[in-house]
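When a ligand or atom number is given, it counts from 1 through the structure's own listing order.
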Amino acid sequence: MNQSTRDGFTSNFGVLVATLGSAVGLGNIWKFPYLTGANGGAGFLLVYLLATLLVGLPLLMVETTLGRAARANAVTTFERIAPPNQRGWKIIGWMGFTAALLIMAFYTSVAGWVFAYIFKAFSGEIATTDPKIAGSAFGKLVSNPVSSLLWQWLVLALTGSIIMLGVSKGIEAVARKLMPLLFGLLLILCVRSLTLPGATEGLKFLFSPDFAKITPEVILTALGLAFFKLSIGMGCMLTYGSYFRAEQNIPATTTRVMFADLSVSLLAGIAIFPAVFAFGFAPAAGPSLVFMTIPAVFTSMPGGSLFMTIFFVLTAVASIGAMLSLLEVPVAVLTERYKLSRKRASLMTIGTILLLGVPAALSQSITAELKIFGMNPFDLFDFLSSNVLLPLGGILICLFVGWVYGLPQLEEQLGNRGKLGNEKLVQLVFVLVRFVAPLSIAIVLLHGLKII
Ligand code: PFF
């Protein structure tokens with residue numbers, strides 16, 4: 001695609017909101033609480049925070065930088081900026097392409113549950129604080145193969161149509177409007193949850209670490225979550241970076257994105273865990289945790305059904321922002337490398353996800369016993385993407401920037417050619433991506449996968 005006609009984000013604020021729109025999604029509202037609950041609480045949170053600061057933020061900075069420097073999709077970027085004899089780095093882009101499809105396969109399934117819960121909330125069907133009733137309402141939804149598939153397909157049709165509209169019109173317009181609302185509603189939920197009798201037990205679970213619970217697997221899961229949360233390690237933020245404005249202050253923007261994303265997750269955690277203990281839910285319930293606990297908190301406050309409906313609408317919108325960014329990875333590769341129209345590229349991508357999505361959506365029913373490495377298709381896709389492909393992509397991006405791209409170019413790009421005067425900061429980022437991040441990811445990956 002010609003540089004001057006390439007689509008892009010149109011303002012400083014637009015960049016921030018769209019990038020945040022990719023980061024904030026089901027990862028905050030669904031995955032963060034359920035993984036924190038299943039992995040022992042505060043210890044997991046601590047490792048996740050460390051991974052976000054030491055690995056996540058630096059990677060977010062260098063990924064968006066590479067994209068902006070090359071102004072291209074995840075694959076072509078490496079062809080453009082790697083030395084001529086090292087074009088093989090584009091494998092990073094292809095791994096990201098694969099990861100995007102795998103993530104979408106299960107993400108659309110969860111988004112489907114959220115869409116279904118909008119109607120359940122409205123009808124009053126899930127207005128209960130009883131763990132048994134909440135559990136059976138959720139079970140009824142996910143164990144029905146027909147409704148699981150139909151909701152997933154609805155989600156795919158919706159996001160597919162938005163992505164066809166293009167970057168600035170589609171993504172920016174949707175993301176811009178609804179983020180602040182979600183934040184506000186989460187705050188209200190926190191207040192309610194914290195004033196429930198027995199709330200302190202939940203806070204202790206979330207903030208008082210038991211170091212014995214931090215095993216190599218827990219650390220790998222926390223690292224995988226850090227990647228998944230910030231949409232890094234797979235060329236998604238690289239693709240978004242390619243739409244950034246030339247004068248964008250990348251370190252400032254990415255730091256804001258990281259803190260805002262973290263606050264949404266923490267708010268979700270503070271809304272959920274006090275209620276988990278107050279009502280007697282199991283913190284380690286797994287993927288169903290949020291779908292049972294959030295309705296319970298709403299049910300225990302006035303006007304609950306209305307707020308609950310709005311909450312699931314906003315969560316659905318947040319999930320759309322994230323899904324659009326996931327779709328953008330393959331769509332940008334297909335349009336720019338194979339000269340497909342945006343419509344064609346979107347249809348091909350959606351078609352592939354539709355096929356991959358079937359076994360994932362049926363993982364609570366027909367394919368529940370289809371175990372590969374002991375996991376059903378839903379869990380397998382999640383594990384392979386978050387805990388394998390993303391960290392591996394992260395290592396490769398770090399090695400590329402730290403040992404091939406080099407400090408002078410990074411300084412030029414992250415400092416907007418000396419205009420930002422942030423050399424010290426860039427040097428710190430460089431040390432992190434050259435040594436600290438790749439080494440720590442490698443150790444965690446090898447230990448977590450029981451290779452060493
Ligand atoms: N960051 C999104 C979330 O937390 O919901 C998920 C995601 C989006 C992961 C885009 C990866 C990605 F490339």
Pairs in or reaching into residues 343-356: which pass side chain to side chain donor-acceptor pair (under 3.5 Å), with residues at least two apart or in two chains?
->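 Output for this query is empty, none listed.
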
Exactly which residues line ligand 1, taking a heavy atom under 4.0 Å from it as the test?
->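 Within 4.0 Å of ligand 1, protein side: S22, A23, G25, L26, G27, Y107, F228, K229, S231, M234, C236, A322, S325, L326.
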
Do W151 and F119 pass the ring-ring contact (aromatic ring centres under 6.0 Å, His included) test, and can you show the C-alpha distance, the side-chain angles, and the key distance before you say yes or no?
-> CA-CA 12 Å; W151 283 113; F119 296 93; 5.7 Å; yes

Taking the six-membered ring for Trp, are the ring centroids of F312 and Y117 within less than 6.0 Å of each other?
->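 Centroid separation for F312 and Y117: below 6.0 Å.
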
Is D7 paired with R342 through a side-chain N to carboxylate O contact shorter than 4.0 Å?
->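 Salt bridge absent between R342 and D7.
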
Which residues pass the salt bridge (Lys or Arg N to Asp or Glu O under 4.0 Å) test with R192, sequence neighbours left out?
->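 Not a single residue meets the salt bridge (Lys or Arg N to Asp or Glu O under 4.0 Å) criterion with R192.
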
Partners passing side chain to side chain donor-acceptor pair (under 3.5 Å) against T159 (at least two apart in sequence or in another chain) =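 By the side chain to side chain donor-acceptor pair (under 3.5 Å) rule, T159 matches no residue at all.
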
